[in-house]
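Structure, as structure tokens:
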Amino acid sequence: AGAAVHGAGTAVPQGTPQQQGMALAAAHGWTVSNGQFTCLNWLWTRESGWRMIWNTTGSGAFGIPQALPASKMASAGADYMTNPDTQIRWGLGYIEQRYVTPCNAWDHETRDGWY
């Protein structure tokens, strides 16, 4: 599907993990204007609501990107359990390594129910 289908803008509240995510994603070239941050926002809103939470359905996934196991995020920083910036950095790296772009990850999520 990609950016052409997902082109609408995304309102991001100031001072939130979403705002941090927007800035960090832009460093990867993933912006609202090319649709990639919009896909990331949809993905992590669906997965965690951009909150540092445990998956309540029992998968054991944790954090904004819903890492499984949570300890995977330690590669981005020892404070992965308490720092949204660390979780976001790890999640962006995971998406880039596995899916290349957030829209590819979002397409997988909508097709298979996970990414």
Side-chain angles (χ1 to χ4, degrees):
V5 198
H6 307 299
T10 302
V12 176
Q14 295 290 319
T16 65
Q18 287 160 300
Q19 186 180 28
Q20 288 175 272
M22 182 179 267
L24 292 169
H28 288 260
W30 301 336
T31 63
V32 171
S33 63
N34 67 21
Q36 294 299 324
F37 180 77
T38 302
C39 291
L40 180 68
N41 190 41
W42 290 337
L43 179 66
W44 287 352
T45 296
R46 180 173 175 171
E47 285 287 321
S48 68
W50 288 85
R51 294 171 295 162
M52 297 187 299
I53 59 169
W54 289 102
N55 182 295
T56 56
T57 62
S59 76
F62 178 75
I64 293 166
Q66 289 292 282
L68 181 61
S71 59
K72 283 186 193 180
M73 291 187 287
S75 65
D79 60 351
Y80 70 92
M81 293 293 288
T82 59
N83 188 339
D85 185 72
T86 301
Q87 293 183 9
I88 291 165
R89 286 180 189 280
W90 179 86
L92 294 174
Y94 170 77
I95 289 169
E96 186 170 53
Q97 184 270 323
R98 183 160 181 154
Y99 299 101
V100 182
T101 69
C103 288
N104 290 343
W106 175 245
D107 289 343
H108 190 278
E109 171 82 13
T110 58
R111 184 180 60 248
D112 297 321
W114 61 275
Y115 81 106

Just do the side-chain contact (heavy atoms from CB on, under 4.5 Å) check on Trp50 and Asn41 with the steps written out, would you? CA-CA 8 Å; Trp50 288 85; Asn41 190 41; 2.9 Å; yes
Do His28 and Ile95 pass the side-chain contact (heavy atoms from CB on, under 4.5 Å) test, and can you show the C-alpha distance, the side-chain angles, and the key distance before you say yes or no? CA-CA 11 Å; His28 288 260; Ile95 289 169; over 6 Å; no
Kindly indicate, with the supporting measurements, whether the criterion side-chain contact (heavy atoms from CB on, under 4.5 Å) is fulfilled by Glu96 and Thr101. CA-CA 6 Å; Glu96 186 170 53; Thr101 69; over 6 Å; no
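Nearest heavy atom pair, residue Ala105 against residue Leu43, reads CB-CD2, 3.9 Å. Closest approach of Glu109 to Tyr115, counting heavy atoms only: OE1-N, 3.4 Å. Shown here for Trp114 and His108, the closest heavy-atom pair between the two residues is O-ND1, 2.7 Å. The two atoms that bring Cys103 and Gln36 nearest to each other are N-OE1, 2.9 Å, heavy atoms only. Minimum interatomic distance between Ile88 and Trp44 (heavy atoms only, all atoms of both residues): O-CH2, 3.8 Å. The two residues Ser48 and Ile53 make their nearest non-hydrogen contact at O-CD1, 3.8 Å.
With sequence neighbours left out, the salt bridge (charged side-chain N to carboxylate O under 4.0 Å, His left out) criterion links Glu47 to no other residue.
Taking the ring centroids of Trp30 and Phe37, they lie at or beyond the 6.0 Å cut-off.
Separation of atoms OG1 (Thr31) and CG (Asn34) is listed at 3.5 Å; rounding is to 0.5 Å. Here the OH atom belonging to Tyr80 is positioned 11.0 Å from the OG1 atom belonging to Thr86, to the nearest 0.5 angstrom. In this structure, OG1 in Thr16 is found 13.0 Å from CZ in Arg51, a value given to the nearest 0.5 Å. In this structure, CE on Met52 lies 5.5 Å from CD on Gln87, to the nearest 0.5 angstrom. Distance check, rounded to the nearest 0.5 Å: CD of Gln20 to CG of Asn83 gives 7.0 Å. Put simply, CG on Asp85 and CG on Asp79 are 8.0 Å apart, with the number rounded to the nearest 0.5 Å.
A donor-acceptor contact shorter than 3.5 Å is absent between the side chain of Asn55 and the backbone of Gly60. Side-chain atoms of Trp90 come within 3.5 Å of backbone N or O of Lys72 as a donor-acceptor pair. With hydrogens and angles disregarded, no donor-acceptor distance shorter than 3.5 Å links the side chain of Tyr94 to the backbone of Arg89.
Contact check for Arg98 versus Asn104: no side-chain heavy atoms found under the 4.5 Å cut-off.
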